[in-house]
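One structure is given below, encoded as structure tokens.
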Amino acid sequence: EVQLVESGGGLVQAGGSLRLSCAASGFTFDDYAIGWFRQAPGKEREGVSCISSSDGSTHYVDSVKGRFTISSDNAKNTVYLQMNSLKPEDTAVYYCAAYESCTVPSLTHPVYYGMDYWGKGTRVTVSS
């Protein structure tokens with residue numbers, strides 16, 4: 001059974017940090033890119049960051065560059081998203097997804113990309 005399980009969300013004050021985890025199972029981890037996406041209340045789902053499990057290449061959307069860092073532990077089939085200097089506008093449900101290729105367009109226009117697998121999300125709330 002394919003599973004992507006997110007964890008690490010919570011309530012944090014502005015300026016604080018959280019580390020999200022995405023644990024994958026049931027598929028060949030190295031064959032996929034893993035991306036982090038988020039959806040705030042009343043807004044469309046948007047891309048945040050992605051990493052290629054095969055070569056470790058990464059991409060970020062401009063709004064999180066310099067604050068968020070994505071990494072992968074292939075031995076554990078787990079991808080992490082370290083989020084620092086959090087802002088209230090980072091408040092959202094964060095999802096990880098497995099798909100073909102980590103590219104900038106897959107983050108900026110995720111609706112046009114077929115994500116193979118999705119997790120159920122973890123909620124991040126940043127208070128001001």
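- Linking ILVMFWY side-chain heavy atoms closer than 4.5 Å, directly or via other members, places V111 and V61 in a single hydrophobic cluster.
- With rounding to the nearest 0.5 Å, the separation of CH2 in W118 from CZ in R45 is 4.5 Å.
- We find the NE2-CD distance between H109 and E46 to be 12.5 Å, quoted to the nearest 0.5 Å.
- Rounding to the nearest 0.5 angstrom, the gap separating the CH2 atom in W36 from the SG atom in C50 is 13.0 Å.
- The shortest side-chain heavy-atom distance between T122 and S7 does not fall under the 4.5 Å cut-off.
- Heavy-atom minimum distance, P88 versus S128: CG-CB, 3.9 Å.
- Taking CD of Q3 as the reference point, atom NZ of K120 lies at 8.0 Å (rounded to 0.5 Å).
- Listed by first then second residue, pairs satisfying side chain to side chain donor-acceptor pair (under 3.5 Å) with a partner in residues 58-69 read D62-K65, R67-D90, not counting sequence neighbours.
- Shown here for T108 and P110, the closest heavy-atom pair between the two residues is C-CD, 3.4 Å.
- Closest approach of Y99 and D116 over heavy atoms only: CA-OD2, 3.4 Å.
- Side-chain atoms of D73 and Y80, non-hydrogen and from C-beta on, do get closer than 4.5 Å to each other.
- Rounding to the nearest 0.5 angstrom, the gap separating the CE atom in M115 from the CZ atom in F37 is 3.5 Å.
- Using the six-membered ring where Trp is involved, F68 and Y94 have ring planes that are tilted, between 30° and 60° apart.
- With V48 as the partner, the side-chain contact (heavy atoms from CB on, under 4.5 Å) test is satisfied by one option alone out of I70, L107, V64: V64.
- No side-chain donor from either of S101 and T103 sits under 3.5 Å from a side-chain acceptor of the other.
- The side-chain contact (heavy atoms from CB on, under 4.5 Å) test with S72 singles out one residue from I51, T78, I34, N77, and that residue is I51.
- More than 12 heavy atoms of other residues, nucleotides or ligands lie within 6.0 Å of CD in E89, so this atom counts as buried by the packing criterion.
- The two residues G119 and Y95 come nearest to each other via the heavy atoms O-CD2, 3.6 Å.
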Can I get a per-line list of side-chain donor-acceptor pairs under 3.5 Å for residues 8-33, giving both atom names and the distance, sequence neighbours left out?
residue	atom	partner	partner atom	Å
S17	OG	N84	OD1	2.9
D30	OD1	N74	ND2	3.0

